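Report on the structure given below.
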Amino acid sequence: DDGVALIWRGTQRNYPTKEAQVAWHLLSREELWSLRLWLYTRRGKWRGFWLPSWNKDLELTQPISSTDTTITISDVGYSTHEEANSLMILTTGGLVYYLRVISGFAGSPGEEILALDGAAGINVTVSDIAMIAYLSFVRFNADRVEIQHRVAGGSSVIMPTLEIPEP
């Protein structure tokens, strides 16, 4: 150290982080403009957002009614390995719902019960569910956005993300 400036030290995190990439492949100028407006609201690394895993992480075994404070899923070891989580429910009709899980415990053999932070507020049958995916709170891990415009039309955007603690 030559004593010219303060020594910089990066932030120390006491939580695990996951890095991933999100990608958009857009076909029209309107879609690209809409994405650009949304990217602008994120302000690079500054503002976080909820990102679904886009996997079938959980499988519902009982229908959900609007007054339910629990949901029943197939046993995946949630009660022993997972902590509080947010979920995205995508229906076969394209509707999207969000739920916050505060805990999980064993139910009937082959099932687990997840306690919600309040009433579900939705009426969904098992056959209506296309996917239940975990949500992660992330931010972009870059301030620079590069948009690749294709000659044949359309555009692509790929951005790295970093999981951060929930607000």
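Worth saying up front: this structure is predicted, and the values here are computed from it rather than measured.
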Check your understanding: Could you walk me through whether Ile113 and Thr72 pass the side chain to side chain contact (heavy atoms under 4.5 Å, CB included) check?
Key -> CA-CA 5 Å; Ile113 298 171; Thr72 306; 4.2 Å; yes
Check your understanding: Atom CE in Met131, atom CH2 in Trp54: separation rounded to 0.5 Å?
Key -> 5.5 Å
Practice item. Measure the OG-CD1 distance between Ser86 and Ile102 for me, rounded to the nearest 0.5 Å. Key: 11.5 Å
Review point. Is atom CH2 of Trp50 surrounded by more than 12 heavy atoms (other residues, nucleotides or ligands) closer than 6.0 Å?
Key: yes
Review point. How does the hydrophobic cluster around Val145 look, that is, which other residues are in it when side-chain heavy atoms under 4.5 Å mark a link?
Key: Val22, Trp24, Leu26, Leu32, Leu35, Trp38, Leu39, Phe49, Leu51, Val138, Phe140, Ile147, Val157, Met159
Review point. Below 4.5 Å, heavy atoms only, C-beta onward: do Ser156 and Arg150 meet side chain to side chain?
Key: yes
Review point. Are there more than 12 heavy atoms of other residues, nucleotides or ligands under 6.0 Å from atom CZ of Arg36?
Key: no
Review point. Does Arg47 use its side chain to pair, donor to acceptor, with the backbone of Arg139 at less than 3.5 Å?
Key: no
**Study point:** Euclidean distance, Ile64 CD1 relative to Tyr97 OH, rounded to 0.5 Å
**Key:** 10.0 Å
Review point. How close do Ser155 and His149 get, heavy atom to heavy atom, and via which atoms?
Key: OG-ND1, 3.1 Å
**Study point:** Glu111, CD: over 12 other non-hydrogen atoms inside 6.0 angstrom
**Key:** yes
Review point. Which heavy-atom pair separates Arg42 from Gly48 by the least distance, and what is that distance?
Key: NH1-O, 2.8 Å
Review point. Does any pair with a residue in residues 67-81 pass salt bridge (charged side-chain N to carboxylate O under 4.0 Å, His left out), and if so which ones, sequence neighbours excluded?
Key: none
Review point. Does Trp46 sit in a hydrophobic cluster with other residues, and if so which ones, taking ILVMFWY side chains as linked at heavy-atom separations under 4.5 Å, directly or through other members?
Key: none
**Study point:** side chain to side chain contact (heavy atoms under 4.5 Å, CB included) between Tyr98 and Ile89, intermediate numbers included
**Key:** CA-CA 6 Å; Tyr98 302 98; Ile89 298 177; over 6 Å; no
Review point. How far apart are the closest heavy atoms of Gly77 and Glu112, and which atoms are they?
Key: N-OE1, 3.0 Å
**Study point:** Atom of Ser66, atom of Ala119 and distance for their closest heavy-atom approach
**Key:** O-CB, 3.5 Å
Check your understanding: Quick one: are Leu58 and Tyr134 in side-chain contact, heavy atoms under 4.5 Å?
Key -> yes
Revision key, fill the gap. Distance col, row Thr61:OG1 vs Ile129:CD1, nearest 0.5 angstrom, shows 11.0 Å
Review point. Is Ile71 reachable from Phe105 through a run of I, L, V, M, F, W or Y residues, each pair having side-chain heavy atoms under 4.5 Å apart?
Key: no
Practice item. Any chance you could lay out the side chain to side chain contact (heavy atoms under 4.5 Å, CB included) test for Leu135 and Leu87, step after step, and finish with the verdict? Key: CA-CA 5 Å; Leu135 288 171; Leu87 304 175; 5.9 Å; no
Check your understanding: Do the numbers put Arg43 on top of the ring of Tyr40, so that NZ or CZ is under 6.0 Å from the six-membered ring centre and no more than 45° off the axis?
Key -> yes
Check your understanding: Do you know which two heavy atoms are closest between Pro160 and Ala142, and how far apart they sit?
Key -> CG-CB, 3.9 Å
Review point. Between NE2 of His25 and CD1 of Ile158, what distance do you get to the nearest 0.5 Å?
Key: 6.0 Å
Practice item. To the nearest 0.5 angstrom, please state how far the NZ atom of Lys45 sits from the CG atom of Asn141. Key: 5.5 Å
